[in-house]
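The block underneath contains the structure these notes are about, expressed in structure tokens.
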Amino acid sequence: KEYYDDLLQELKDDCATYRKATECHEYAKLLVNRQHRVMEGFQQYVKNCYEYSAGASCHNAGNLLLKGAKLPDGTVPVKRDVPKAAEFFAQGCKTTYPRSCVPIARLLQMGKFMEKDYAKAFEYLSIGCQKNNNESCFAKANAYIQGMGVEKSYTAAVPLLEQGCTRGHPSSCHNLAVLYYHGHGVDKDMTKFKQYNERAKIFSGQKNPFKDKKLMQQQSQGPTAH
């Protein structure tokens, strides 16, 4: 406990003195996760987000608002506010934290807590993908596959999935395998299907229908994208 108390004071001093996003973000994290001073930490996240363009703090503030924060004693220092969470995710996406691009895009696609806007969601996914965030690129590829906010195009999805698979993103490998299986956006190629299927390990722990003829007949329509 003494170590974390000392670290908290050090980060607090560094944040106040240098006003750097990293130190201020770590200070807020320590307040929330170790000190359980959630409201103070949340307020620091908000300050970091808007004053220091700390995208990670925008994201964490968004997460607290998305779910709400309830302490063991029953108090609720941060109430759930999904539209406000969306604002923080959008800010994180546009600044320094591309991971925030996916949650703001999903909220826009759902349209449950805010007006549905597939085109705007696609814009946020494009921002995240440009910043090399695998989940953003994967979601952008799916938007192309489903025609959500953009003209449907399997061909446009392929390079995004290839990029994600190359970076070790299993779901990208899976969906790429599916495209090769069905010949969507690419020439049908069972060899490449099996290669990407193996990379993704999409059938890990279950029978592989492409090694089991009976099961293959049951799944004659082939695998589907996530």
Side-chain angles (χ1 to χ4, degrees), residues 1 3-115 117 120-140 164 167 169 171:
K1 186 178 183 301
Y3 166 77
Y4 285 109
D5 289 341
D6 291 344
L7 180 59
L8 183 73
Q9 188 61 50
E10 182 181 340
L11 288 171
K12 181 179 180 180
D13 292 342
D14 286 347
C15 177
T17 302
Y18 304 111
R19 299 189 176 189
K20 289 185 177 180
T22 302
E23 285 82 356
C24 294
H25 177 68
E26 290 303 317
Y27 171 54
K29 273 179 62 179
L30 203 59
L31 282 171
V32 173
N33 298 332
R34 299 295 307 189
Q35 300 289 319
H36 305 297
R37 291 155 60 183
V38 178
M39 178 51 75
E40 289 179 64
F42 173 73
Q43 291 171 341
Q44 187 65 51
Y45 280 143
V46 173
K47 183 177 181 179
N48 298 345
C49 177
Y50 288 109
E51 292 189 21
Y52 309 137
S53 296
S57 284
C58 301
H59 187 82
N60 285 10
N63 274 336
L64 285 172
L65 288 164
L66 186 65
K67 302 173 184 176
K70 187 175 181 179
L71 299 179
D73 62 4
T75 58
V76 183
V78 180
K79 293 182 179 179
R80 190 182 191 209
D81 188 337
V82 180
K84 191 66 178 177
E87 292 179 19
F88 281 102
F89 288 135
Q91 184 70 8
C93 176
K94 290 184 287 189
T95 54
T96 61
Y97 207 70
R99 280 181 60 190
S100 288
C101 301
V102 174
I104 176 59
R106 285 177 177 164
L107 288 170
L108 285 165
Q109 289 170 342
M110 285 171 54
K112 185 177 180 181
F113 300 98
M114 56 199 305
E115 187 176 350
D117 192 332
K120 192 67 177 177
F122 186 81
E123 289 178 17
Y124 281 117
L125 294 176
S126 295
I127 292 171
C129 190
Q130 287 169 2
K131 295 178 180 179
N132 298 318
N133 177 255
N134 286 339
E135 287 296 332
S136 294
C137 294
F138 173 70
K140 183 179 179 180
R167 292 174 180 165
H169 189 255
S171 295

Looking at [Y], is its backbone amide N or carbonyl O close enough to the side chain of [X] to form a donor-acceptor pair, meaning the two atoms are under 3.5 Å apart?
X: R80; Y: K67; answer: no
X: K131; Y: C93; answer: yes
X: N133; Y: G128; answer: no
X: S57; Y: C49; answer: no
X: T95; Y: Q91; answer: yes

Nearest heavy atoms of [X] and [Y], plus distance in Å:
X: A21; Y: A54; result: CB-CB, 3.7 Å
X: A121; Y: A105; result: CB-O, 3.5 Å
X: F113; Y: P83; result: O-CG, 3.5 Å

To the nearest 0.5 Å, how far apart are [atom1] in [X] and [atom2] in [Y]?
X: E87; Y: L65; atom1: CD; atom2: CG; value: 9.5 Å
X: N134; Y: R167; atom1: CG; atom2: CZ; value: 5.0 Å
X: K140; Y: I127; atom1: NZ; atom2: CD1; value: 10.0 Å
X: E115; Y: L107; atom1: CD; atom2: CG; value: 14.0 Å
X: E23; Y: Y27; atom1: CD; atom2: OH; value: 13.5 Å
X: M39; Y: L71; atom1: CE; atom2: CG; value: 9.5 Å

Q) Does one side chain, of Q44 or N48, offer a donor that lies under 3.5 Å from an acceptor on the other? A) yes
Do the side chains of [Y] and [X] get nearer than 4.5 Å, heavy atoms only?
X: H25; Y: K29; value: yes
X: L108; Y: F122; value: no
X: H59; Y: F89; value: yes
X: I104; Y: K94; value: no
X: L125; Y: Q109; value: yes
X: Q35; Y: D5; value: yes
X: F88; Y: N60; value: no
X: E135; Y: H169; value: yes

Q) So does R37 have more than 12 non-hydrogen atoms from other groups sitting under 6.0 Å from CZ? A) yes
Q: Among V78, L31, V32, find the residue that satisfies the side-chain contact (heavy atoms from CB on, under 4.5 Å) test when tested with Y45.
A: V32
Q: Determine if the SG-SG distance between C129 and C137 falls under 2.5 Å.
A: yes
Q: Test side chain to side chain contact (heavy atoms under 4.5 Å, CB included) on V82 and M110 and set out the steps.
A: CA-CA 12 Å; V82 180; M110 285 171 54; over 6 Å; no
